Amino acid sequence: MVARIVKLGSERIADEGLRIGTVRRPPRGVPKAEFSSHNWYDVWFPNLSPSAEIVPLALHATTEAEWNAFAKKYRAEMATHDNTHTIELLAALSHHTNFSVGCYCEDESRCHRSILRALLKEKGAKIA
């Protein structure tokens, strides 16, 4: 059993499990009833997405320093009581069931999901 970090909209792999969308907004132009069948996500969980205030920092980061500034702010958001418990829950679930979390970004290295991957690992998650 493992957690996977995925690009939403990508083809699912065998035994991927529940796909959780950790994005601020649902996919544009896609009816809600088709989110799962088009490989976006099965459950929308924006709690683990960056806040609207810091999303522009990630989108406009062109240097390592700018990316690190975003990462620091996102980690601070994920350090709140509720988010810490959510990450701990997902880390524990990764030992018992397959699931994936993801975002739309093409490049994981410049996406909050790379930081989410690290946070899950820090809490002991089994990551594929």
Side-chain angles (χ1 to χ4, degrees):
M1 302 294 129
V2 295
R4 288 181 172 76
I5 311 302
V6 300
K7 178 185 178 299
L8 299 180
S10 64
E11 289 298 317
R12 295 177 190 247
I13 64 166
D15 298 323
E16 181 178 307
L18 185 75
R19 188 175 273 200
I20 303 166
T22 62
V23 291
R24 182 94 352 239
R25 305 262 185 265
R28 292 181 184 199
V30 180
K32 187 175 183 178
E34 296 177 9
F35 288 172
S36 182
S37 64
H38 287 150
N39 296 323
W40 294 108
Y41 51 75
D42 302 309
V43 177
W44 182 34
F45 197 67
N47 306 49
L48 295 181
S49 69
S51 67
E53 293 77 26
I54 69 168
V55 166
L57 295 176
L59 294 176
H60 298 100
T62 57
T63 67
E64 200 62 29
E66 290 171 336
W67 176 254
N68 290 338
F70 162 76
K72 182 177 180 180
K73 289 182 182 288
Y74 177 65
R75 279 183 168 272
E77 290 181 351
M78 293 302 103
T80 66
H81 183 77
D82 288 344
N83 289 334
T84 297
H85 283 295
T86 299
I87 292 167
E88 289 171 348
L89 171 67
L90 291 175
L93 283 173
S94 72
H95 293 267
H96 301 282
T97 190
N98 292 331
F99 65 91
S100 59
V101 296
C103 180
Y104 309 122
C105 298
E106 287 293 329
D107 181 4
E108 182 181 326
S109 71
R110 286 290 194 241
C111 177
H112 79 279
R113 71 181 188 263
S114 65
I115 302 163
L116 189 52
R117 175 191 297 274
L119 291 169
L120 286 165
K121 283 184 178 179
E122 290 165 17
K123 295 296 183 184
K126 289 175 61 178
I127 305 285

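Just so you know, these numbers come straight off a predicted model, no measurement behind them. Hydrogens, waters and symmetry mates play no part in the numbers below; they use all other heavy atoms, side chains included.
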**Q** Report yes if some heavy atom in the side chain of D42 is under 4.5 Å from a heavy atom in the side chain of F99; otherwise report no.
**A**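 Side-chain contact under 4.5 Å: no.
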**Q** With respect to F35, which candidate in W40, W44, Y41 satisfies the ring-ring contact (aromatic ring centres under 6.0 Å, His included) definition?
**A**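 The residue from W40, W44, Y41 that satisfies ring-ring contact (aromatic ring centres under 6.0 Å, His included) with F35 turns out to be Y41.
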**Q** Treating E66 as the side-chain partner and T62 as the backbone partner, does any N or O pair qualify as donor plus acceptor under 3.5 Å?
**A**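 It does hold such a pair.
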**Q** Determine, step by step, whether V101 and R113 satisfy the side chain to side chain contact (heavy atoms under 4.5 Å, CB included) criterion, reporting the C-alpha distance in whole Å, the side-chain angles of both residues, the deciding distance to 0.1 Å, and the verdict.
**A** CA-CA 8 Å; V101 296; R113 71 181 188 263; over 6 Å; no
**Q** Using side chain to side chain contact (heavy atoms under 4.5 Å, CB included), reason through I20 and L90 one step at a time and then give a plain yes or no.
**A** CA-CA 11 Å; I20 303 166; L90 291 175; 4.2 Å; yes
**Q** Are W67 and V55 linked, directly or through other ILVMFWY residues, by side chains that come within less than 4.5 angstrom of each other?
**A**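 They do not share one cluster, since no chain of ILVMFWY contacts under 4.5 Å joins W67 to V55.
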**Q** Look at E108 together with K7 and state whether they make a salt bridge at an N to O cut-off of under 4.0 Å.
**A**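 A salt bridge is absent here (no side-chain N lies under 4.0 Å from a carboxylate O).
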**Q** Under 3.5 Å, side chain of T22 to main-chain N/O of F45, donor-acceptor pair present?
**A**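 Side chain of T22 to backbone of F45, a donor-acceptor pair under 3.5 Å: no, none is there.
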**Q** Looking only at heavy atoms, which two atoms of V2 and N98 are closest? And how far apart?
**A**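 The answer is N-OD1, 2.9 Å.
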**Q** If every non-hydrogen atom of F70 is compared with every non-hydrogen atom of I115, which pair is closest and at what distance?
**A**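 Result for this residue pair: CE2-CD1, 3.8 Å.
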**Q** Which distance, rounded to the nearest 0.5 Å, do you find between the SG of C111 and the CD of E106?
**A**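 So the gap between those two atoms works out to 10.0 Å.
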**Q** Is the number of heavy atoms from other residues, nucleotides or ligands within 6.0 Å of CZ (R75) greater than 12?
**A**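 Yes, the 6.0 Å shell around CZ holds more than 12 heavy atoms from other groups.
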**Q** Do you know which two heavy atoms are closest between K123 and I87, and how far apart they sit?
**A**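 Closest pair (atom of K123, atom of I87, distance): CG-CG2, 3.7 Å.
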**Q** What is the minimum heavy-atom distance between V23 and Y104, and which atoms define it?
**A**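 In this case the closest contact between V23 and Y104 is CG2-OH, 3.6 Å.
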**Q** Just to verify, which of R4, E16, R12 counts as forming a side-chain hydrogen bond (donor to acceptor under 3.5 Å, both in side chains) with S100?
**A**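 Looking at R4, E16, R12, the match for S100 under the side-chain hydrogen bond (donor to acceptor under 3.5 Å, both in side chains) is E16.
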**Q** Show the numbers, then the answer: is there a side chain to side chain contact (heavy atoms under 4.5 Å, CB included) between R19 and S10?
**A** CA-CA 11 Å; R19 188 175 273 200; S10 64; 3.7 Å; yes
**Q** With rounding to the nearest 0.5 angstrom, report the OG to CG distance, S36 to L18.
**A**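 The CG atom of L18 is 8.5 Å from OG of S36, to the nearest 0.5 Å.
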**Q** Tell me the closest heavy-atom pair linking H38 and V30, and the distance in Å.
**A**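 Where H38 meets V30 most closely, the heavy atoms are ND1-CG1, 4.1 Å.
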**Q** If you round to the nearest 0.5 Å, how far is CG of L93 from CD of E88?
**A**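 Spacing of CD (E88) from CG (L93) equals 12.0 Å.
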**Q** Tell me, with the steps shown, if R117 and K121 meet side chain to side chain contact (heavy atoms under 4.5 Å, CB included).
**A** CA-CA 6 Å; R117 175 191 297 274; K121 283 184 178 179; 4.2 Å; yes
**Q** Closest heavy-atom contact between S49 and Y74?
**A**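 Where S49 meets Y74 most closely, the heavy atoms are C-CE1, 3.9 Å.
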**Q** Hey, what's the ring geometry for H81 with H85, parallel, tilted or perpendicular (30° and 60° as the breaks)?
**A**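 Judged by the thresholds at 30° and 60°, the geometry between H81 and H85 is perpendicular.
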**Q** With D15, which residues qualify under side-chain hydrogen bond (donor to acceptor under 3.5 Å, both in side chains), at least two apart?
**A**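 Result, side-chain hydrogen bond (donor to acceptor under 3.5 Å, both in side chains) vs D15: none returned.
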**Q** Treating Ile, Leu, Val, Met, Phe, Trp and Tyr as nodes and any side-chain heavy-atom pair under 4.5 angstrom as an edge, say whether V43 and L116 lie in one connected cluster.
**A**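 As far as the 4.5 Å side-chain criterion goes, L116 and V43 are connected within one cluster.
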**Q** Enter the distance from E77:CD to E53:CD here, rounded to the nearest 0.5 Å.
**A**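 Separation between the atoms: 7.5 Å.
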**Q** State the CG-CG distance between L89 and N83, to the nearest 0.5 angstrom.
**A**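 Rounded to the nearest 0.5 Å, the CG-CG separation comes to 12.0 Å.
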**Q** According to a 4.5 Å side-chain heavy-atom criterion applied to Ile, Leu, Val, Met, Phe, Trp and Tyr, with indirect links allowed, do M1 and L120 form part of one hydrophobic cluster?
**A**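 Different hydrophobic clusters.
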**Q** Flag the pair T86 / N47 as yes when at least one side-chain heavy-atom distance between them is below 4.5 Å, and no otherwise.
**A**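 Not touching, per the 4.5 Å side-chain cut-off.
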